[in-house]
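As the structure is a computational prediction, the values presented were derived from the model and not from experiment.
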Amino acid sequence: MTLRQLEVFCAVARHGSMKLACVEMKLSGGTVSLMMDQLQRDLGQDLIAQSTRNGSPLTPTGRRLFETIDPAFKTIRKAIDECKRGSHG
C-alpha cells in the first residue's frame with residue numbers, strides 16, 4: 001500500500017465518484033480503479049461498495065478509513081502550502 005493509493009482513495013471518497021477523483025488526481029479511470037483494487041487487497045477489506053461502484057459509496061470500513069486519514073492529508077497539504085509561501089520560519 002502506498003500513500004498515493006490512500007490519497008486517491010480520499011479523492012474517491014470526497015467526491016463520491018471515481019470519475020471525479022480521476023479529474024482531481026489527473027489519472028485515468030483504469031489507474032484509479034487499479035489503485036483502489038490494490039489498496040483493498042492490501043488491507044483485506046472492501047472500502048468501496050461493489051454493487052454501486054459507479055457512484056463509489058463507501059463501505060463502513062471505507063468511511064472509517066476516510067474519516068481517519070483525510071484530516072492528515074489536509075494537514076500535510078496545508079503545511080506544504082505554508083512552506084511554499086515561506087510561512088514556516
### Task
Using the rule that two of Ile, Leu, Val, Met, Phe, Trp, Tyr join whenever any of their side-chain heavy atoms come within less than 4.5 Å, decide whether L34 and L20 are in one cluster.
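Different clusters: L34 never reaches L20 through Ile, Leu, Val, Met, Phe, Trp or Tyr contacts under 4.5 Å.
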
### Message
Grouping I, L, V, M, F, W and Y whenever their side-chain heavy atoms are under 4.5 Å apart, do M1 and L3 come out in a common cluster?
### Response
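Yes.
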
Listed by chain and number, what are the side chain to side chain donor-acceptor pair (under 3.5 Å) partners of [X], not counting sequence neighbours?
| X | result |
| --- | --- |
| E24 | R14, H15 |
| T68 | none |
| T2 | none |

Nearest 0.5 Å please: distance from the [atom1] atom of [X] over to the [atom2] atom of [Y].
| X | Y | atom1 | atom2 | answer |
| --- | --- | --- | --- | --- |
| D42 | Q40 | CG | CD | 10.5 Å |
| L6 | L65 | CG | CG | 6.5 Å |
| T31 | M36 | OG1 | CE | 10.5 Å |

Work out which heavy atom in [X] is nearest to a heavy atom in [Y]; give both atom names and the distance.
| X | Y | value |
| --- | --- | --- |
| M35 | R4 | CE-CG, 3.4 Å |
| T59 | I48 | CG2-C, 3.9 Å |
| G29 | C22 | CA-SG, 3.4 Å |
| F66 | C10 | CE1-O, 3.5 Å |

#### Entry: Heavy-atom check, side chain of T61 versus side chain of L43, under 4.5 Å
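No; the side chains remain at least 4.5 Å from each other.
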
### Message
Could you go through K74 and D70, starting from their C-alpha distance and side-chain angles, then the distance that decides it, and tell me whether this counts as salt bridge (Lys or Arg N to Asp or Glu O under 4.0 Å)?
### Response
CA-CA 6 Å; K74 287 178 182 175; D70 190 55; 3.3 Å; yes

### Query
Any Lys/Arg nitrogen of R41 or D37 sitting under 4.0 Å from an Asp/Glu carboxylate oxygen of the other?
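Not counted as a salt bridge, because no side-chain N and carboxylate O are separated by less than 4.0 Å.
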
### Task
Give a yes or no answer on whether the side chain of E7 reaches the backbone of F73 with a donor-acceptor pair at less than 3.5 Å.
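Such a contact is absent between E7 side chain and F73 backbone.
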
